[in-house]
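Before anything else, here's the structure in question.
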Amino acid sequence: MCGECGCGEKEKSLNINQDILKDNKRKAKSLRILLDKNKILSVNIMGSPGSGKTSLIEKTVMLCGEGKRFGVIEGDLETDLDHQRLKSIGVNSIQINTGTVCHLDAEMVEEAIKRMPLGEIDFLFIENVGNLVCPSLFDLGTHINVVLLSVTEGEDKPLKYPLIFKRADVILLTKVDLVPFLRLDEEILIRNIKRINSKAPVIKVSAVTEEGIKDWINLLESFRKDPVPLL
Ligand code: MG
Ligand code: ZN
């Protein structure tokens, strides 16, 4: 676990945490200015390990059609497996290995962006470390926060991990092709999401059947046309 998410010594870590978060915010702001200058819409993709973050990025790239250029920053503790997956379909991708750190921060993104051909990108996806806790605390200089929740995770997760859902601009319910095989009450799940965040659109998607992927792409394009104001 990381000190940043508050699991260290209580009072001492609180001051450190505030400084870290303040510094992070400053870096994130200047990243957003850089991305705006380059007319790039950047998207923080968050969700548990195995919620389908990389699959969503793959399908988005594949179904988006001609003329859209993507860059991806991949955050994982170890390995470059996701980076290789994306490279194999021709995506500009950079891997960040965080070692023991369970989230990405603006400094890591800043370093990765230096290696990105910004003039050749319209959309930058930043796939965060699989985790529903501290990624929500760290602004990465992105324009929108997207949280994935797979139907296999159960109805209660929005209530148990409210902060990340609260800060989401878009919530994607993933792996919906599996619903017939699960003991899941979808209505309760949606109600729980809405209890935490009534504003964010919720889209049901499946990377297998491609259900909802076009809706997600349309929403993404609308964010690019009508950018969210700077934080
Ligand atoms: Mg992944
Ligand atoms: Zn963390």
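Whatever order the structure lists them in is the order used to number ligands and atoms, beginning at 1.
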Q: Using the rule that two of Ile, Leu, Val, Met, Phe, Trp, Tyr join whenever any of their side-chain heavy atoms come within less than 4.5 Å, decide whether Val208 and Val176 are in one cluster.
A: no
Q | Option among Arg26, Arg167, Lys29, Arg32 that satisfies the side chain to side chain donor-acceptor pair (under 3.5 Å) test with Asp139 | A | Arg32
Q. Which N/O/S atom belongs to Asp82 and is the closest one to the Mg ion (ligand 1)?
A. OD2
Q: For the Mg ion (ligand 1), find the closest N/O/S atom on Glu127 and give its atom name.
A: OE2
Q: Answer with yes or no whether the side chains of Thr54 and Asp82 bring together a donor and an acceptor at under 3.5 Å.
A: yes
Q. N/O/S of Thr54 less than 2.8 Å from the Mg ion (ligand 1)?
A. yes
Q: With the Zn ion (ligand 2) as the reference point, give the N/O/S atom of His103 that is nearest.
A: ND1
Q.
With rounding to the nearest 0.5 angstrom, report the CD1 to NZ distance, Ile171 to Lys204.
A. 14.0 Å
